[in-house]
Structures are given as structure tokens and as C-alpha cells.
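To keep things clear, I will list the structure first and then write my remarks on it.
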Amino acid sequence: MPDITPSELRNHSSRILSRVERGERFTVVRGNTPTAEVIPAQGRAYRTRAEVAAAVATLPTVDAEELRADLEVAVDGDVVFDD
């Protein structure tokens, strides 16, 4: 990720943003300290309520006792459950 200064970002923002649109990333450095990153924006993937419900319906059922036993083994008994 190339470093740029705030003044480079200000003076060449159009050129830099064109490169960002093509997938490049930049670190804005003030002095010797990285202060920001200029990265491509991530599009949001919105789902309808029906799509979410259909996806959740395919999830496996969780057995609470089996999960608790697995957690006990994984953390060596350090988890305290409030019943």
C-alpha cells in the first residue's frame, strides 16, 4: 500500500480516487505516522426478510447441552454459566 501525504491527497485527489476505484489502496502519512487509509468502498449486500428467513431455516439445530459440554472442553472449565 503506497504512502501519500495529506497534501498529495489534497492536490491529486481525482487521480488518487481513480486509482482507488481500480482497487488500489493508499496510506495517508502525516510526518512519520500513518493516520488514515484510502481504500475502495465496499458495497452493501442487502437481503430481503424472506431471504434471511430462508437462510436461517437451513441452519442446523443447536443442542444446548452438547454446546455447553464442547465449550467446557475448549476453555478448560473456565466458563461460568448462569442458569
Side-chain angles (χ1 to χ4, degrees):
M1 190 176 325
D3 291 348
I4 57 175
T5 64
S7 58
E8 287 174 309
L9 179 59
R10 181 188 67 235
N11 295 335
H12 305 290
S13 61
S14 180
R15 185 179 322 144
I16 291 168
L17 291 177
S18 291
R19 291 174 62 181
V20 170
E21 286 177 333
R22 291 191 299 271
E24 288 189 63
R25 299 164 160 252
F26 295 88
T27 301
V28 181
V29 178
R30 183 180 296 168
N32 291 327
T33 306
T35 56
E37 292 181 351
V38 182
I39 63 171
Q42 302 296 316
R44 289 188 174 248
Y46 291 100
R47 301 287 182 248
T48 65
R49 187 177 301 205
E51 289 171 325
V52 172
V56 169
T58 65
L59 295 174
T61 304
V62 175
D63 180 311
E65 291 304 316
E66 185 178 338
L67 175 61
R68 181 177 292 199
D70 289 345
L71 287 172
E72 285 287 336
V73 170
V75 296
D76 196 26
D78 292 339
V79 174
V80 176
F81 292 97
D82 292 330
D83 290 316

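For the numbers below, each heavy atom of this structure counts, side chains included, while hydrogens, waters and symmetry mates do not. What you see is a predicted model; the values in this text were computed from it and never measured.
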In terms of hydrophobic clusters joined by side-chain contacts under 4.5 Å, are Ile16 and Val29 together? no
What's the spacing between [X] [atom1] and [Y] [atom2] if we round to 0.5 Å?
{"X": "Arg15", "Y": "Leu9", "atom1": "CZ", "atom2": "CG", "result": "12.0 Å"}
{"X": "Arg30", "Y": "Asp3", "atom1": "CZ", "atom2": "CG", "result": "14.0 Å"}
{"X": "Asp70", "Y": "Glu65", "atom1": "CG", "atom2": "CD", "result": "11.5 Å"}
{"X": "Arg10", "Y": "Ile4", "atom1": "CZ", "atom2": "CD1", "result": "12.0 Å"}
{"X": "Leu17", "Y": "Glu24", "atom1": "CG", "atom2": "CD", "result": "11.5 Å"}

Could you go through Glu8 and Phe26, starting from their C-alpha distance and side-chain angles, then the distance that decides it, and tell me whether this counts as side chain to side chain contact (heavy atoms under 4.5 Å, CB included)? CA-CA 11 Å; Glu8 287 174 309; Phe26 295 88; over 6 Å; no
Polar contact flag, side-chain donor to acceptor under 3.5 angstrom, Thr5-Ser7: yes
Closest heavy-atom contact between Pro2 and Arg25? CD-O, 3.1 Å
